[in-house]
Number of protein chains: 2
Amino acid sequence: MSGSSADSDTRMSAAQHEMVELFMHFGHNLGLPKSVGAIYGLLYATAEPLSLDAIVTILQISKGSASQGLRFLQNLNAVQVVYLPGQRRDHFTAERRLRKLANGFLRERVEPHLEHGADRLDRIGDAIDPDDPNAVHLKKNLERLRNWYRKSRQILPLVRNVIG
Amino acid sequence: MSGSSADSDTRMSAAQHEMVELFMHFGHNLGLPKSVGAIYGLLYATAEPLSLDAIVTILQISKGSASQGLRFLQNLNAVQVVYLPGQRRDHFTAERRLRKLANGFLRERVEPHLEHGADRLDRIGDAIDPDDPNAVHLKKNLERLRNWYRKSRQILPLVRNVIG
DNA sequence: CAATTTGTTCAATCATTTTTGAACAAATTG
DNA sequence: CAATTTGTTCAAAAATGATTGAACAAATTG
């Protein structure tokens with residue numbers, strides 16, 4: 001009813017397939033589930049927004065996976081909902097601007113860990129027993145770690161600058 | 001025979017324990033197995049080089065895990081072997097210079113994926129069917145992806161510069 | 001060179017994470 | 001408002017990835 005050629009709604013072209021695999025592998029690198037990479041890859045390689053149902057059919061994954069994966073991608077600002085007039089279903093499209101994508105990723109997946117790490121460093125400091133013969137060594141290397149955190153924080157704006 | 005206090009060979013101090021956990025979590029972020037983070041954390045928090053056997057005893061992990069984890073860390077240049085005179089066993093010590101660590105990580109875990117990704121992009125280009133109505137869209141976005149790769153390559157030297 | 005120590009390998013096991021799918025709730029339609 | 005469509009949730013199943021430990025090889029010792 002909606003597609004132009006017979007099965008443009010149910011099958012990927014070879015190039016789309018390659019894109020799906022590219023993003024699956026890339027996502028896997030970053031510790032994301034395969035389904036998330038696949039969904040993003042498909043949307044990236046498709047001009048028109050796709051419904052959840054189309055994604056399920058084309059990628060042959062379960063509705064549950066698709067639903068969770070899409071939510072995840074929306075939280076990252078990697079996918080947007082497009083409301084098509086007269087269409088009941090939500091449709092989804094990939095955010096293709098690297099700046100937006102990287103920002104989402106840094107905000108959701110990198111910064112929280114940096115925060116958390118800084119807290120942990122404080123906890124280590126508190127846990128050093130002054131009587132421990134190792135105390136001097138521990139203090140010195142804790143300082144060194146704080147330095148690492150300082151540097152990783154410096155890198156963030158730099159990255160934003162290059163990709164902006 | 002070698003330790004000074006009763007069980008300095010078999011137990012961690014509270015601070016050491018916190019360090020182990022810090023690196024376990026951090027490593028997990030980067031997609032490394034827990035055991036790898038734990039080993040590095042222990043070595044980081046310990047002034048003297050430790051033998052494989054000491055690591056097994058203190059962390060309570062299997063010899064196999066320790067052996068594999070140490071090899072992995074050596075490949076990353078995150079751990080070095082120290083040959084102690086008169087000691088038969090290998091002893092291991094943590095590389096604590098961020099520059100060396102980050103270089104190892106970039107070289108072993110980041111750059112190969114970038115290479116591989118570039119190859120994939122070429123494959124996608126080859127897979128685009130000129131008759132596909134989507135071809136224009138695919139070509140445009142493939143170009144965009146090449147741009148991403150270009151930018152991520154720019155980031156590497158920048159990172160090296162900040163941490164150097 | 002036999003006995004012992006040390007470290008590696010890898011198949012089997014265990015733990016964690018992801019995916020599935022059926023039950024459900026919410027929204028929409030006629 | 002009953003029927004249908006759409007999307008979410010979550011317990012169970014499947015898949016993936018890490019760890020174990022026993023068998024092995026290499027090196028060292030007396």
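Bear in mind the structure is a predicted one, so any value in this text is a computation, not a measurement. So that the names make sense, note that chain A is the first sequence line, chain B the second, and so on, each numbered from 1.
- Atom CG of B/Asp53 and atom P of C/dT8 are 12 Å apart (whole Å).
- Following rounding to the nearest Å, A/Asp90 (CG) and D/dT5 (C1') show an atom-to-atom distance of 12 Å.
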Q. Step by step, would you call A/Gln80 with A/Glu95 a side chain to side chain donor-acceptor pair (under 3.5 Å)?
A. CA-CA 7 Å; A/Gln80 283 138 12; A/Glu95 169 60 65; 2.7 Å; yes
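- For the pair A/Ser65 and C/dT20, the criterion of a side-chain N or O lying under 4.0 Å from OP1 or OP2 is met.
- Contact between B/Met12 and B/His17 at its shortest, heavy atoms only, is CE-CD2, 3.8 Å.
- Between B/Arg71 atom CZ and C/dG7 atom P there is a gap of 13 Å when expressed in whole angstrom units.
- The partner of D/dT20 is C/dA11, by the rule that a Watson-Crick or G-U pair needs both atom distances under 3.5 Å.
- Straight-line distance from the NE2 atom of A/His25 to the C1' atom of D/dT16: 15 Å, rounded to whole Å.
- Counting non-hydrogen atoms under 4.0 angstrom, B/Ser51 reaches nothing in the nucleic acid.
- As rounded to whole Å, 8 Å separates atom P of C/dT8 from atom CD of B/Gln74.
- Here the closest non-hydrogen pair linking B/Phe72 and B/Arg109 is CE1-NH1, 3.6 Å.
- Protein atom CG of A/Leu84 is 17 Å distant from nucleotide atom C1' of C/dT28, rounded to whole Å.
- In this entry the distance linking CE of A/Met24 with C1' of C/dT18 reads 12 Å, nearest Å.
- Put simply, A/Ser62 has no side-chain N or O that comes within less than 4.0 Å of OP1 or OP2 on C/dT19.
- Put simply, CG on B/Leu73 is 16 Å from C1' on C/dG7, counting in whole angstrom units.
- Comparing A/Gln68 and B/Leu52 by the nucleotide of DNA chain C whose heavy atom lies nearest to each, the residue mapping closer to the 5' end is B/Leu52.
- In a base pair of the Watson-Crick type (N1 to N3 plus N6-O4 or O6-N4) or a G-U wobble (N1-O2 and O6-N3), with each distance short of 3.5 Å, D/dA14 is matched with C/dT17.
- Taking only side-chain nitrogens and oxygens, A/His28 never comes nearer than 4.0 Å to OP1 or OP2 of C/dT18.
- Put simply, the side chain of B/Arg88 and the base of C/dT6 share no donor and acceptor less than 3.5 Å apart.
- No hydrogens or angles considered: a donor-acceptor pair under 3.5 Å links the side chains of B/Arg144 and B/Asn141.
- A/Lys34 has a side-chain polar atom (N or O) that falls below the 4.0 Å cut-off from OP1 or OP2 of D/dT16.
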